[in-house]
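We're numbering straight along the sequence, starting at 1. On a predicted model such as this, the values are computed, not experimentally measured, just so you know. Only heavy atoms go into these numbers, but all of them, side chains included; no hydrogens, no water, no symmetry mates.
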Amino acid sequence: DRSVAADRMMLLADQTVDAVRASLSFILAHELAHLWVPTIDEREADCYGLASVLAERGKPEIGVFGAIQEALSQGRSAYWNGLPASVISQRFQLIGVWT
């Protein structure tokens, strides 16, 4: 039946949009914070980005950025932009405080 197929497609589309939003909201808000504030400090942009996500989505999700945290916990320290693991770990500690 076409209406059942259309309903399922709409449900799948809605789920896809929700998943993309959850995965990318923090990253986009972080990058936009560099422009809005403006700031070059990554930790400050994390703070403003997380605050934006919290205000918009109602929960402090870091989405795909969590994959970096997972990589660090698995011992893959040279992960992003050549930053030392200690710097990246500090960012996650601050995110933990802000949440």
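Pairs engaging residues 2-14 under the salt bridge (Lys or Arg N to Asp or Glu O under 4.0 Å) rule: none recorded [sequence neighbours left out]. Sequence neighbours left out, the pairs with a member in residues 3-29 that pass ring-ring contact (aromatic ring centres under 6.0 Å, His included) are F26-F65.
Within a 6.0 Å radius of CD in E56, other residues, nucleotides and ligands contribute 12 heavy atoms or fewer.
Legend: residues meeting side chain to side chain contact (heavy atoms under 4.5 Å, CB included) with L28, ordered by chain and number and at least two apart, are L24. Residues passing the salt bridge (charged side-chain N to carboxylate O under 4.0 Å, His left out) test with D18: none are found, sequence neighbours excluded. Under the side chain to side chain contact (heavy atoms under 4.5 Å, CB included) criterion, L12 pairs with Q15, T16, not counting sequence neighbours. For R57, the side-chain hydrogen bond (donor to acceptor under 3.5 Å, both in side chains) partners at least two apart in sequence or on another chain are E61.
Grouping Ile, Leu, Val, Met, Phe, Trp and Tyr residues whose side-chain heavy atoms lie under 4.5 Å apart, directly or via other members, leaves I40 alone, with no other cluster members. Other residues sharing the hydrophobic cluster of W36, ordered by chain and number and joined by side-chain separations under 4.5 Å: L32, L35.
Between H34 and D41, the shortest heavy-atom contact is CE1-O, 4.1 Å. Of all non-hydrogen atoms in G49 and A33, the two that sit nearest each other are N-CB, 4.3 Å. Between A29 and V53, the shortest heavy-atom distance links the atoms CB-CG2, 4.1 Å.
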